[in-house]
Novice: 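Sharing a structure with you now.
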Amino acid sequence: MPDESVRTSANELKFRDPSQARALADRLSGLCEEIAREPISVMHVCGTHEQAIAKYGLRTILPKSLDLIMGPGCPVCVTDMPEVDEAVVLAEDGALIATYGDMLRVPGTAKSLADAQAEGARVEVVYSAAQAVELARSMQQEVVFFASGFETTAVATAAIALQDDLPPNLSILSAHKYVPPAMEIVAQIPATQVEGFLAAGHAATITGWGIFEPLAERYKIPVVVAGFEPLDILAGLVRLVELVKDGTPAVDNMYPRCVTREGNRVAQEQMWRVFRTVGGRWRGIADVPDGNLRLRPEYAHLDARVRFEIDIRRLWQLAPSALAEKCICGAIMSGLASPSDCELFGKECDPENPVGACMVSSEGTCKIWYQYGGRPDL
Ligand code: SF4
């Protein structure tokens, strides 16, 4: 009987089978030939998809006429500067900021949390919301959990907010974002010309695929939910291009081993008990109505924005760097440009010295393209 590690690797191979990948790529080419125009533009809205696409070199086997655009799929990248400023001010005012590692180097208006840390502020990296709770429990100091991420991560934040015995020195600064409204914004940008969306399987695990039906209906655009293995992505693209070809603005689920129409109802119920949506800016993209998740008034006792006076205006006198003004992260996340269109890419801006948020996070398109290479010159 094979041991567990053998079984796991065999399972992984099932989703990385080169002959099946080739067959799906051939099917995709056939569909694009039948459509007989270019470009056929589809967008994924997930940094994890971009990572897999770049890591496994999937663009090298896609038909030339298929333009697979990166969308606003990196929660760290779309965390707006004033949200980072709030965390920086709280850290400078003496709170300990607990946050996910990618958030440390995301630039605010004048500085990042890493800059504040270098100047003496206390910032700790945590790997889960639960770890922020333990950190607060172990000390007297005020601990602010600077919480970022899409609905998948917001669920974990909601779970701690619902605990009865939270330490009194813990509060939450929510920078959580809600993806479906941002897809609507992107669908409305005429220049992106998105003909279909490849939606993120992990977020849909929570929300269910049914959440995309109003978007498909309103903008007459197909949406296909896909997982993250190479064959998941290729199969998702085949289905999406089939729907584009047929002019069918339907939603289809190509990740049925994890995603259902309804999603995880318990997680949704917990998330909406704790959070409400509010409009707000996604960095570099636009104001997204209902795009931000903020704590409901019932959780004001946990809300750092209520518990503390946060005067971010004092940071605004510090001028942003001239380099930052050349960053085109917003255009990249709106599907209007690629990292290689940025004059700083790989020169003044690299993962060691990131100028914009897209070069910071492991889900940021610039960092992914820097690590694995981007669109091949076929
Ligand atoms: Fe911004 Fe750097 Fe990406 Fe250019 S390469 S868009 S400066 S993050």
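Whatever order the structure lists them in is the order used to number ligands and atoms, beginning at 1. Fair warning: this is a prediction, and the values are worked out from it, not measured in the lab.
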Novice: Give the numbers and elements of all ligand 1 atoms closer than 4.0 Å to a heavy atom of I332.
Specialist: 6 (S)
Novice: Has the side chain of Q51 got a donor or acceptor atom that lies under 3.5 Å from a matching backbone atom of S362?
Specialist: yes
Novice: Under the 3.5 angstrom rule, does the side chain of R261 hit a backbone N or O of W209 as a donor-acceptor pair?
Specialist: no
Novice: Under 2.8 Å from atom 2 (Fe) of ligand 1, which protein N, O or S atoms do you find? Ignore water molecules.
Specialist: C349 SG
Novice: Under 3.5 Å, side-chain donor or acceptor atoms of residues 141-150 against the rest of the protein: list the pairs with distances, not counting sequence neighbours.
Specialist:
residue, atom, partner, partner atom, Å
Q141, NE2, G94, O, 2.9
E142, OE1, R307, NH2, 3.0

Novice: Could you give the side-chain donor-acceptor pairs of residues 220-227 under 3.5 Å, partners two or more places apart or in another chain?
Specialist:
residue, atom, partner, partner atom, Å
K220, NZ, E217, O, 2.9

Novice: Can you tell me how far apart CD (E184) and CG (D290) are? Round to the nearest 0.5 Å.
Specialist: 9.5 Å
Novice: Could you work out, with salt bridge (Lys or Arg N to Asp or Glu O under 4.0 Å) as the rule, every residue matching E242, not counting sequence neighbours?
Specialist: R27, R239
Novice: Rounded at 0.5 Å granularity, tell me how far OG in S334 sits from CE in M43.
Specialist: 7.0 Å
Novice: Is ligand 1 under 4.0 Å from a heavy atom in the side chain of T365, in the backbone, in both, or in neither?
Specialist: neither
